[in-house]
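Working notes, beginning with the structure itself.
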Amino acid sequence: MKKFEYTINDPLGIHARPAGLLVKAVKALDSTVTVEKVGGKSAEAKKLMAIMGLGIKGGDTVSVTIEGGDEEASAAAVEQFFKENL
Amino acid sequence: MQVATGKSILNGIAIGPLRIYKKAETQTAVTSGLTPEEEYARFEAARVKAQEQLGGLYEKALDEVGEENAAIFEIHQMMLDDEDYLDAVKGIIDTQNATAEYAATTTGENFSAAFAAMEDAYMQARAADVKDISRRVVNILSGQEDADMLAGQPAILVADDLTPSETVQLDKSKLLGFITRHGSSNSHTAILARTMNIPALVGVDFDDSWDGKLAVIDGYNSCVYIEPAQELLATMEEKKNNDLKQEALLQNLKKKPNITLDGKEIKVYANIGNAGDVGLVLQNDAQGIGLFRSEFIYLDSEDFPTEEQQFLLYKRVVETMAGKKVIIRTLDIGADKQADYFGLDKEENPALGYRAIRICLTRKDIFKTQLRAILRASAFGTVSIMFPMIISVREVRDAKETLEECRAELQERGVAIGNVEIGIMIETPAAVMLADELAEEVEFFSLGTNDLTQYTLAIDRQNPKLDTFYDSHHPAVLRMIKHTVEAGHRHGCWVGICGELGADQTLTETFLRMGLDELSVSPAAILPLRKKIRSLDLSKESEA
């Protein structure tokens with residue numbers, strides 16, 4: 001299992017567009033990715049409405065867990081995604 | 001005549017007959033005569049067709065409103081692929097022996113309610129999206145296609161609510177404007193209306209008797225007049241024609257350089273007082289932001305805004321401007337702009353009092369928070385910092401030293417910083433007289449003509465009794481500007497104007513002849529100013 005924390009830069013938070021892109025990116029991986037709002041709920045990253053339902057705003061910190069498959073590569077890809085889009 | 005008010009989505013006028021649109025109420029059976037497997041297969045077939053339709057809408061929107069706004073239909077497609085959504089539909093069909101129509105409707109309502117209950121206004125607005133996708137599937141299942149909402153006639157559409165897909169499907173050549181009872185100014189529908197340049201009001205309590213009546217949407221005053229009086233109608237027609245003229249000007253002048261007939265170029269930037277104004281800046285084709293009044297961040301807060309809050313705002317503006325210059329003026333509070341939490345004393349003469357850089361240099365904690373936020377945002381585009389109300393070289397050196405401290409602190413934290421140009425406002429007679437020395441310290445000057453005029457003429461512009469003495473073209477002020485330009489250029493500084501005088505077209509030629517490098521004006525003044533610049537020929541004798 002791999003894990004990293006990330007603070008959201010986008011003032012709108014994980015809104016529809018980046019959530020959609022995240023789902024797309026994660027579906028291409030062979031690992032299970034979970035996003036947890038630190039101190040709040042968590043959701044599987046390939047479920048669009050659940051991710052949007054976390055209500056993550058700009059400045060919030062999320063904890064992202066990557067399990068199964070090529071964890072090393074998946075974790076790097078997901079972390080890159082957050083840096084570029086959120 | 002009847003008047004109703006709402007929230008305006010766009011400053012514009014629409015005139016035409018009202019057409020009330022009611023969504024067809026689909027009566028659906030709850031219990032199915034088919035097996036759950038057969039019902040789910042029906043749902044699945046309809047879902048595939050809905051995905052096709054959404055793909056088509058995406059293409060149409062891409063064409064009409066651009067990629068950014070078309071993305072909503074991609075999101076809709078993904079929502080229709082969402083595992084939780086599909087599981088919920090399947091669950092209802094399986095456990096309640098329900099029809100596909102009932103299962104889709106109920107699932108849509110449940111998810112929509114969950115979004116509506118969220119704290120964030122943006123997420124609340126997504127409730128409409130989930131309902132929209134469910135309705136699309138149900139319409140396909142019941143063989144009902146959306147009716148032509150405008151019935152082929154130009155009209156102002158009136159509805160309880162409009163979904164983004166309904167908005168995109170509308171025939172733009174017939175849609176004059178729209179009015180809805182529900183919906184927020186934040187919804188995708190509102191965003192689409194803005195992009196398509198359609199006057200619209202939301203939150204209007206309309207009644208059915210309006211159908212077919214002549215009406216005027218006055219987006220400037222957030223109201224609609226039903227069966228307007230003749231005189232009002234004429235006024236509105238005129239306003240609308242002016243808008244059209246302005247629009248034509250805009251289309252003609254967009255992407256054209258600010259260059260005189262004999263080839264002299266000058267930069268035209270925009271003044272903004274709010275992060276939300278950036279849209280207007282781009283719409284009016286400004287080459288950059290010449291004055292970003294950062295005070296609004298402080299005036300809108302209950303307490304000192306944090307570095308993080310400020311950083312996010314600056315970053316958003318800087319990123320949206322995509323590499324074009326953004327000149328952020330540091331805190332200019334005091335005088336007529338007050339925030340309670342600063343705890344400033346009441347002053348006899350606030351214009352000459354404790355304000356702007358004078359606060360910043362004595363309360364370094366406030367100043368440094370802002371400077372760090374600006375430096376961090378500079379990594380995301382082209383940022384300049386401008387210090388206001390300067391009267392001495394020492395102040396500029398102090399401010400620059402503080403900026404260096406902030407830079408060092410951030411570098412220690414490993415934070416990325418861009419190249420930041422440093423400049424000052426020239427708005428006191430002292431700064432004009434010292435322009436040569438000041439120019440050695442900075443890379444640009446921006447003339448704040450409002451304060452400069454008031455301090456030079458010793459005239460309070462708020463006092464109507466002084467109107468007869470006040471002259472915005474006073475030779476003393478014009479000579480000060482000329483002196484500043486010459487001194488700046490002697491030392492390699494570029495010089496601009498960010499006060500109201502910059503938009504005064506009777507002075508444009510004078511400013512060009514003085515050699516000003518930039519004029520920064522309100523977004524609406526940019527294109528008219530461009531037109532003026534492009535009509536001038538400096539090789540000919542001045543007419544003035």
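Protein chains get the first letters and strands the later ones, always in sequence-line order, with residue 1 at the start of each.
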* To do: Locate the shortest heavy-atom distance separating B:Glu74 from A:Lys24; write the atom from each residue and the value.
  => OE2-NZ, 3.2 Å

* **A:Ile14 portion near chain B, given a 4.5 angstrom heavy-atom threshold** => backbone

* Structure fact -> CZ (B:Phe115) and CE (A:Met49) are apart, to the nearest 0.5 Å, by 6.5 Å

* To do: For atom NZ of B:Lys368, decide whether the heavy atoms of other residues, nucleotides or ligands shown that lie under 6.0 angstrom number more than 12.
  => yes

* Asked: Is any side-chain heavy atom of B:Asp84 closer than 4.5 Å to a side-chain heavy atom of A:Lys47?
  -> yes

* Structure fact -> Between A:Leu48 and B:Ile75, the two heavy atoms sitting closest are CD2-O, 3.9 Å

* Closest heavy-atom pair and its distance - B:Arg126, A:Ala16 -> CD-CB, 4.2 Å

* Region of B:Met78 that comes under 4.5 Å of a non-hydrogen atom in chain A -> both

* Structure fact -> Here the gap from A:Asn9 atom CG to B:Arg316 atom CZ, rounded to the nearest 0.5 Å, amounts to 13.5 Å

* Over all atoms of both residues, closest heavy-atom pair of B:Ala71 and A:Arg17 -> CB-NE, 3.2 Å

* Asked: Between B:Leu313, B:Leu312, B:Asp82, which residue shows the highest count of heavy-atom pairs closer than 4.5 Å to chain A?
  -> B:Asp82

* So which bits of residues 26-38 of chain A come within less than 4.5 Å of chain B, counting non-hydrogen atoms only? -> A:Lys27

* Counting only heavy atoms closer than 4.5 Å, note whether A:Lys57 contacts chain B via side chain, backbone, both or neither. => side chain

